[in-house]
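Have a look at the structure below, then the notes.
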Amino acid sequence: MNFRKLAAAALTLAAATYSAAAQEYPARPITLIVPFAAGGPTDVISRIIGDHMSKTLGQQLVIENAVGAGGTTGSTRAKRANPDGYTIIMGHLGTHAASVALYPNLAYNPSTDFEPIGLVAGTPIVILARKDFPAKDLKEFAAYVKANEAKINMAHAGVGSVSFTTCLLLNSIMGVKPTSVPFNGTGPAMNALVGSQVDYMCDQIVNVVSQITGGAIKGYAIATPERNAALKDVPTTTEAGMKEFQASAWNALFAPKDTPKPIVDKITAALDKALDDELTRKRLLELGSDIPNGPRRGQAALATLVSSEIAKWSPVIKAAGVSAN
Ligand code: MLT
C-alpha cells in the first residue's frame with residue numbers, strides 16, 4: 001500500500017474514531033472545575049445548573065473546586081486539560097476578562113485557549129458591609145471609608161476575582177486604597193464579613209441575598225440601573241448617589257480549546273435546556289441572577305461577551321494602576 005493510501009486510511013480511521021467519541025459522549029462523569037472555594041457564587045451557580053445538565057447528559061457533572069490566584073489557577077488547569085469534553089470550567093468576568101489586564105503573564109488567553117459553551121447567569125454586584133458598620137447609607141459609607149481608610153479592611157477572592165475587580169472600581173470612585181484581605185472565594189470571605197472580621201466587600205448577588213435579608217450583613221446598594229426583585233429594599237447605586245458605580249458580573253461555561261465541536265454542542269444544548277427548566281430558573285432567579293435569553297445564549301454570544309468585557313475592564317484596571325505580578 002503506498003504512502004498516500006496509508007495516509008488516507010489513517011485519516012479515515014481518525015475521523016471515524018473522532019465521530020465515534022462524539023457519538024458516545026458522555027460515556028463517563030464530567031469534571032466541572034470551579035476556580036473558587038465551595039459555597040461562593042460561582043460554586044452555587046455551578047451546582048444549580050450542573051444538577052439539571054447532569055440529567056440531560058446522563059452523566060454526573062462532578063464539581064472540583066480548584067482555588068487560588070483569583071481563579072486563574074483553576075482556569076489554567078482547565079486550559080491544560082485534555083480537550084475530550086470530560087473537563088469543563090465555570091469561568092466569569094474575573095477569570096475570563098479582568099485577569100488579562102491584572103496578570104501580565106497570564107498562563108492563558110480567555111479568547112483563544114477555550115471553546116465557549118455558553119453564558120449561565122448574570123450576577124449584579126452589591127456593596128456590602130459588616131452588620132455593625134457605622135453608616136446608615138451609601139453616602140455615609142463612602143465618607144466613613146474615606147475618613148478611616150488606614151484602618152479599613154476590604155475582603156475579596158484574590159487578584160482576578162469579581163469581588164477584587166469590581167471593588168477596584170468602587171475604591172477608585174471613593175478615592176481610597178484600603179487594606180485588602182484575600183480569600184479563596186467569596187464563600188469564605190462572606191463568613192469573615194458576617195463575623196465582622198473585615199469591613200466591606202463587593203460581591204455577586206447570588207451570594208448575598210439571605211445574609212442581607214437575614215440582617216447578618218448590610219447591603220448598601222446594587223450596582224445596576226434597576227433594583228433587583230430578590231433584594232427589593234436595596235437601592236440602586238444611582239438612587240444612593242453613586243451612579244458612576246455600575247457593575248454586573250457573569251458566570252459562563254468553557255471547555256479547553258480543540259474540544260470537538262459535536263461534544264461542545266452537546267454541552268451547549270444541555271445548558272440551554274437547564275436555562276429553560278422551571279425549577280432551575282426559579283433557583284437562579286430567587287438568588288437574584290439574570291438568566292440570559294436567546295440572543296445572549298450559546299457559543300458565539302459568549303465569545304463576543306468575553307472580548308467586549310476584556311475591552312471594558314482593562315482600562316479600569318490600568319487606571320487603578322493595579323497588576324498581580
Ligand atoms: C466566588 O465564587 O467565590 C466568586 O466568584 C469569587 C469572585 O470572583 O469574587
Side-chain angles (χ1 to χ4, degrees), residues 32-46 63-81 88-111 113-114 120-121 123 125-126 128 153-172 177-193 198 200-204 206-208 223 247-254 305-306 309-325:
L32 170 48
I33 292 175
V34 170
F36 295 99
T42 302
D43 186 70
V44 165
I45 287 170
S46 299
I63 286 179
E64 201 171 292
N65 300 88
V67 303
T72 58
T73 301
S75 301
T76 303
R77 202 42 217 283
K79 174 226 172 168
R80 294 176 176 154
I88 60 176
I89 181 169
M90 185 68 81
H92 67 17
L93 177 153
T95 61
H96 280 68
S99 291
V100 171
L102 286 165
Y103 288 88
N105 307 315
L106 191 61
Y108 60 89
N109 178 331
S111 298
D113 288 329
F114 295 90
V120 177
T123 48
I125 297 301
V126 187
L128 311 167
N153 290 311
M154 178 202 85
H156 61 83
V159 177
S161 65
V162 162
S163 44
F164 177 87
T165 304
T166 53
C167 248
L168 207 54
L169 177 57
L170 175 66
N171 293 342
S172 61
K177 287 195 175 180
T179 302
S180 76
V181 183
F183 294 82
N184 275 332
T186 50
M190 180 59 76
N191 295 336
L193 191 66
V198 288
Y200 74 96
M201 175 161 79
C202 300
D203 200 6
Q204 298 167 76
V206 297
N207 198 36
V208 314
S248 206
W250 42 270
N251 285 257
L253 288 172
F254 299 86
L305 178 67
V306 167
E309 290 282 280
I310 291 170
K312 173 181 169 184
W313 286 97
S314 295
V316 171
I317 290 156
K318 287 195 170 60
V322 171
S323 114
N325 336 45

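Side-chain atoms are counted along with the backbone in the values below, which use heavy atoms only and exclude waters and symmetry mates.
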Is there a side-chain contact between W313 and V100, using heavy atoms and a 4.5 Å cut-off? no
Check: F164 and L102 side chains under 4.5 Å, non-hydrogen atoms: yes
Side chain of [X], backbone of [Y]: donor and acceptor closer than 3.5 Å?
| X | Y | answer |
| --- | --- | --- |
| N65 | F36 | yes |
| S314 | A311 | no |
| N207 | T186 | yes |
| Y103 | A69 | yes |

With under 30° as parallel and over 60° as perpendicular, where do the rings of Y108 and H96 fit, or are they tilted in between? tilted
About how many Å separate [atom2] of [Y] and [atom1] of [X], when rounded to the nearest 0.5 Å?
| X | Y | atom1 | atom2 | value |
| --- | --- | --- | --- | --- |
| I33 | S75 | CD1 | OG | 8.0 Å |
| E64 | R77 | CD | CZ | 4.5 Å |
| T179 | N153 | OG1 | CG | 5.0 Å |
| H156 | S180 | NE2 | OG | 3.0 Å |
| L305 | K312 | CG | NZ | 9.0 Å |

Distance-minimising heavy-atom pair for T42 and S46: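 The answer is O-OG, 2.6 Å.
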